[in-house]
Amino acid sequence: MKIYYSRSSNQVRVITLTAILLAFLICLSVVFGIDKTYYHIGGFAVCFIVAGSVLYLYFNSLKKVFIKNDHIVLKKKLGKIEIPLKDIQSVECLGFSNLTMTFGSKGVFGFIGNIMDNCQSYVKDRRNILQIDTAKQNYLFSVEYPSQLIHEIKKHPQFKAQS
């Protein structure tokens with residue numbers, strides 16, 4: 001079983017560090033910049049929401065991809081998605097793509113969320129994107145060697161698609 005790691009591009013790293021720094025500065029200014037004691041509760045609530053959002057995006061970022069038995073496993077920092085090989089209708093490698101997000105992160109820990117064409121996105125490097133289409137859901141994700149992963153998927157006995 002070969003493991004395909006999902007690594008962040010330099011753009012994603014810069015966006016992530018900038019967003020975390022800005023969120024930290026906003027929390028500091030909201031909590032310590034208010035004189036009234038009852039406003040501190042609101043400041044802490046804003047900090048809690050910001051920290052929760054950052055943690056949610058971190059834990060949903062893709063860590064690695066591998067084929068296990070008859071499934072493709074998208075292993076996130078917390079949790080995983082299993083895609084049955086027999087359900088895959090098509091798999092392809094995409095070139096560089098601008099991802100139009102309807103919900104999710106536009107670069108913080110990757111492009112994580114839903115895209116306008118009803119895909120779930122777990123992209124950390126927009127130059128190495130794979131698209132897997134099933135009848136129920138479409139997935140976009142990035143790995144280090146996408147052509148090798150596609151080859152491994154297509155040679156698997158459970159794979160039935162015509163792509």
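Side chains included, hydrogens not; waters and symmetry mates left out as well; all remaining heavy atoms used.
Between Phe111 atom CZ and Ile129 atom CD1 the span is 8.5 Å, to the nearest 0.5 Å. For the atom pair CG of Asn128 and OG of Ser9, the computed distance is 9.5 Å after rounding to the nearest 0.5 Å. Rounded to the nearest 0.5 Å, atoms OG1 (Thr16) and CG (Leu21) are 12.5 Å apart. The OH atom of Tyr145 sits 7.0 Å away from atom NZ of Lys2, with the distance rounded to the nearest 0.5 Å. Atom CG of Leu140 is separated from atom OG of Ser121 by 5.5 Å, given to the nearest 0.5 angstrom. Annotation: the span from Cys93 atom SG to Leu130 atom CG amounts to 5.5 Å, rounded to 0.5 Å.
Applying the salt bridge (Lys or Arg N to Asp or Glu O under 4.0 Å) criterion to Asp125, with sequence neighbours excluded, gives Arg127. In terms of the side-chain contact (heavy atoms from CB on, under 4.5 Å) criterion, residue partners of Ile15 (sequence neighbours excluded) are, by chain and number, Gln11, Val108. Under the side-chain contact (heavy atoms from CB on, under 4.5 Å) criterion, His151 pairs with Lys155, sequence neighbours left out. Judged as a side-chain contact (heavy atoms from CB on, under 4.5 Å), and not counting sequence neighbours, the contacts of Phe59 are Leu55, Lys77, Leu78.
Within the structure, the side chain to side chain donor-acceptor pair (under 3.5 Å) test picks out the following pairs touching residues 47-63 (sequence neighbours left out): Tyr56-Asn60, Asn60-Lys76. Applying the side chain to side chain donor-acceptor pair (under 3.5 Å) test to pairs two or more places apart or on separate chains, those with a residue in residues 134-144 are Arg7-Glu144.
A cation-pi arrangement, defined by a distance under 6.0 Å to the six-membered ring centre and an angle within 45 degrees of its axis, is absent between Lys68 and Phe66.
Partner of Gln120 under the side-chain contact (heavy atoms from CB on, under 4.5 Å) criterion, chosen from Ile115, Asn114, Ile132, Leu74: Asn114.
The backbone N or O of Ser6 lies less than 3.5 Å from no partner atom in the side chain of Lys64, so there is not a single donor-acceptor pair. Looking at Ser105, its side chain does come within 3.5 Å of a backbone N or O of Gly110 through a donor-acceptor pair.
Side-chain contact check for Ile67 versus Ile153: some heavy-atom pair is nearer than 4.5 Å. When side chains are defined from C-beta on, Ile72 does not count as touching Tyr4, because their heavy atoms never get closer than 4.5 Å. No side-chain heavy atom of Val73 sits less than 4.5 Å from a side-chain heavy atom of Ile81. Contact check for Ile88 versus Asp133: no side-chain heavy atoms found under the 4.5 Å cut-off.
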